[in-house]
Each structure stands twice: as C-alpha cells, then as structure tokens.
Amino acid sequence: MKEEILELRKSFELDLRNVDSLNTLNDLRINYLGKKSKIQEFSEALRDLSNDDKREIGKYINDTKNFMESSLNVLRTNLELKELNNKLSNEKIDVTLPGTKINVGSIHPITKTINEIEDLFISMGYDVLEGPEVESDLYNFEMLNLPKGHPARDTQDSFYITEEMLLRTQTSPVQVRTMLANTDKTPIRIICPGKTYRKDNDDATHSHQFSQIEGLVIDENISLAHLKGTLEVFAKKMFGDEREIRFRPSYFPFTEPSIEVDISCFNCGGKGCSLCKGTGWIEILGAGMVHPNVLKMSGYDSKKYSGFAFGMGPERIAMLKYGITDIRNFYTSDLRFLNQFDRVEKEWYHESKW
Ligand code: 2U9
C-alpha cells in the first residue's frame, strides 16, 4: 500500500505543476483530498491491517495528506496574488489622460432676468406668487375693470378655450386672487411673474407667448410717492446707479392715474443715441394707482385702502440689458444665441480644470 501511496503523491506533484488557476486548483483538491479520493480509500482500507501496519501506514497516509494540503495552500496564495496583480494592471486608470468634456447648460436669459428682478423685490420685502395660466374671463378681465365689450380688450385678444376660459393675457389675475383671499386685509406686497398669451402675430418685438412680472402693493395710505420710490430703486439696481426715472401720463383700465415709466438712457447717459431714438429716455414699464373699481370688486373699501401696481415684460428688460434686437431669439432654442449667456458656467468650468 505504501508503494501505491507514493505513486499517488508523485502523480499529485505532477498534476500540481499544471495548475494555472484557482479553478483547476480546486478541482485538484477535490480529486486528491475529497470524499471519493484515493487517499480516502487508503484511510478506509487501514481497518483491515494489523495494528503495527495501521500505525505505520496511517502515519504515511497522514504525512501525504499534510503534504498535499500545504502544497495546495501555498499554490493558492500564489495564484490569488497573481490574479490580484493581473486585475490591478488590467484595470489601471491613467489619471494623466485629459477628461471628457461635459457640455453644461446655462440659465435662459429670461429666467435669469426674472430671477434678478425677483431677488431685487424680495430684498424690499415682497413675496413672489404664481397662479394658473388657464384663467377665467372673470379674473383675467372683468375683475380688472375690463367688462365684456370694453375697447381695451381689443389690445389683449387671447386664446379662448371656452366662452369663459382663456390663456391669461396678463398675470394680474394672480393679484386679484390674492386680494380676494386676503379677507383679513393685511398689507399686500407681491410680485407675480409668469407666462402670458396674446393672439399677436409674431415679429421682432411681438410674441404670442411672453412673460410678465406684475407687482401690487395694498395698504392704508399708499400713494404715488411710494410707487415712485420703489421704481427708482428698481431702475437703479437693474440699469445702474446713475439712472433717473420719469413718469408720463397714460391709461390702463385697472389703474387710475396710470403712468408709463422711462429711465434715462444707459447707452448714452441721456444725450440721445440710436437706442433711445435720440430722446435720451427708454420706456421700461407701466404702472399706476389701483383703480377704485378694482379694489371694490376684490372686497376692499377704496376709501380706507389704496395701492399701486406695475407691470413689465422681462423680454423687453432682457433685450435692453443685453442688446437683443429680435424677441424670437428667446423662444427658438438656438444654441448660438443661448451659449452667449453661459459665461458664468464657462468661467467655473475653466477654473475647476475639467
Ligand atoms: C391689479 C391691479 C392693477 C398691473 C399693471 C401695467 C400697468 C402695465 C404692461 C407692461 C408691459 C403689460 O407686459 S406688458 O405688455 N403692464 O403697463 N400693468 S399697471 O396693474 C394691476 C394689476 C393687478 C389687481
């Protein structure tokens, strides 16, 4: 039996030399040391031997088993190390390679302008409120002193969904809703930005969909002086500290008196240039004192309360600020136009050396 065990050991040594992976190593372990292995058979055959032989052959079997086990363990450690090294070199990352350029988007110029105006009014204590774009004729027109058949409705032709529902032509219904909801008559100081719609033919200065920001302040003893002070701060923060403002009389059905507001031209400083068409002044918004009819319809005593309101088009503000001559640029998603407004992101991109 000793001879056979020696043969087994020799064949193990030969087979061991051919092992080149952890898988074949495992197969070898099962073959030579598993339950159905030859060494197991030898161990079982011991019981038929004399006590002396049992001791001698038994020790020989154990020595062989130990030899095979320790050989397999040494080889396993080597193979594991080899596999780890292979993995490390195959999956090596070259950190000196240039990175993949990621195209980052940028804030749309209209959103940028609205954000800037919002921040400015928030700093003066205003709340920012939004409302539905599909509105009732009641909130969009009637409550704003524009009854059916009023001639000023002609300038705000809209997209009607039914006789009574339409796409809002102004953000004013948001202010109406706010006044109606304010049953405690606490002071109101809000701006309402959002999309508005009018049935206009699109050209360089008109669009059937555009945005608006309207403001409303209501309290006791609010006067035109408060409106003037507020709009002066707005003009200076938006267009530069040297700006002056001027009021011209105007007409809106929802305000009385109504005014149009100009700022001194930021291009020529008021001397006259092509931007201000030689006048030295540029119109930026409309405003006025809230019409008593509007106050009454929304549940306010017009003898006790007064307020001012204003409205502006962020598109017009952005066109003036950035020198854009065609409003359609804002809506056609042409990257050659939009990329001009991503300077902040680009600077950040270069600084962080992506
Ligand atoms: C309520 C009462 C009064 C909002 C106002 C204007 C003047 C105005 C235009 C600016 C350019 C519209 O986008 S635009 O075409 N708006 O001139 N808007 S006063 O007056 C209100 C609003 C709500 C309850």
Side-chain angles (χ1 to χ4, degrees), residues 110 113-114 117 121 126 129-131 133 135-136 138-146 152-158 167-182 185 187-200 205-219 222 224 226-228 230-231 234-235 238 245 247-263 282-300 302 305-320 327 330:
I110 294 299
T113 307
I114 291 174
I117 297 170
F121 279 99
Y126 283 65
L129 293 185
E130 291 182 357
E133 287 171 30
E135 258 300 357
S136 62
L138 178 69
Y139 286 163
N140 191 80
F141 288 130
E142 301 261 348
M143 299 285 281
L144 288 150
N145 209 23
L146 276 151
R153 280 203 184 204
D154 292 352
T155 62
Q156 294 196 27
D157 199 4
S158 180
L167 297 185
R168 67 181 180 190
T169 58
Q170 44 193 357
T171 56
S172 324
V174 185
Q175 286 101 292
V176 169
R177 286 167 180 272
T178 309
M179 288 166 77
L180 286 170
N182 189 24
K185 305 290 178 280
I188 291 178
R189 225 184 297 158
I190 55 170
I191 57 161
C192 307
K195 292 195 193 88
T196 48
Y197 304 82
R198 290 187 192 177
K199 206 174 157 297
D200 266 336
T205 52
H206 295 86
S207 167
H208 60 281
Q209 183 242 290
F210 59 105
S211 45
Q212 260 196 0
I213 298 183
E214 287 193 337
L216 179 73
V217 170
I218 295 190
D219 201 350
I222 296 293
L224 204 68
H226 294 120
L227 172 62
K228 192 166 186 196
T230 307
L231 295 181
F234 167 73
M238 217 49 205
I245 59 168
F247 284 181
R248 280 180 291 112
S250 185
Y251 170 79
F252 303 112
F254 26 81
T255 46
E256 182 59 36
S258 302
I259 53 169
E260 262 158 70
V261 183
D262 298 339
I263 54 165
I282 295 175
E283 185 190 325
I284 54 160
L285 50 80
M289 299 306 292
V290 179
H291 197 292
N293 287 353
V294 174
L295 286 170
K296 278 180 219 150
M297 277 189 277
S298 291
Y300 277 79
S302 65
Y305 296 96
S306 56
F308 67 74
F310 55 87
M312 67 184 100
E315 277 86 346
R316 178 162 169 77
I317 305 282
M319 285 168 86
L320 287 169
I327 198 171
F330 291 127

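These numbers come from the heavy atoms of this one structure, side chains and all, not from hydrogens, waters or symmetry mates. Order of appearance sets the numbers: ligands from 1, and atoms from 1 within every ligand. As the structure is a prediction and not an experimental result, all values here were calculated from the model. Count residues from 1 along the sequence.
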Can you give the donor-acceptor pairs under 3.5 Å from side chains of residues 286-297 to other protein atoms, not counting sequence neighbours?
{"from": "H291", "atom 1": "ND1", "to": "N293", "atom 2": "N", "distance (Å)": "3.0"}
{"from": "N293", "atom 1": "ND2", "to": "N145", "atom 2": "OD1", "distance (Å)": "3.2"}

NZ (K185) with more than 12 external heavy atoms under 6.0 Å
yes
Which protein non-hydrogen atom lies closest to [atom], naming both residue and atom, and how far is it?
atom	value
atom 1 (C) of ligand 1	L144 CD2, 3.6 Å
atom 5 (C) of ligand 1	F254 CE1, 3.5 Å
atom 4 (C) of ligand 1	E214 OE2, 3.6 Å
atom 14 (S) of ligand 1	Q212 NE2, 3.5 Å

Quick one: which of [options] has a heavy atom closest to [atom]?
atom	options	value
atom 3 (C) of ligand 1	P253, A309, S250	A309
atom 23 (C) of ligand 1	Q175, Q170, M143	Q175
atom 9 (C) of ligand 1	G311, S298, S211	G311
atom 7 (C) of ligand 1	P314, G313, G286	G286

I'd like to check whether S172 has a polar contact with ligand 1, where a contact means an N/O of the residue lying under 3.5 Å from an N/O of the ligand.
no
For the atom pair [atom1] ([X]) and [atom2] ([Y]), what is the distance rounded to the nearest 0.5 Å?
X	Y	atom1	atom2	value
Y305	I188	OH	CD1	10.0 Å
R177	S136	CZ	OG	6.5 Å
L144	R153	CG	CZ	10.0 Å

Are the ring centres of F252 and F310 closer than 6.0 Å?
no
Is any NZ, NE, NH1 or NH2 atom of the basic residue among R316 and E283 found under 4.0 Å from an Asp or Glu carboxylate oxygen of the other?
no
V294 contact mode with ligand 1 (heavy-atom cut-off under 4.0 Å):
side chain
If only atom types and distance count, is the side chain of R198 paired as donor or acceptor with the main-chain N or O of T169 below 3.5 Å?
yes
Go through ligand 1 atom by atom and flag the ones less than 4.0 Å from a non-hydrogen atom of A287.
7 (C), 19 (S)
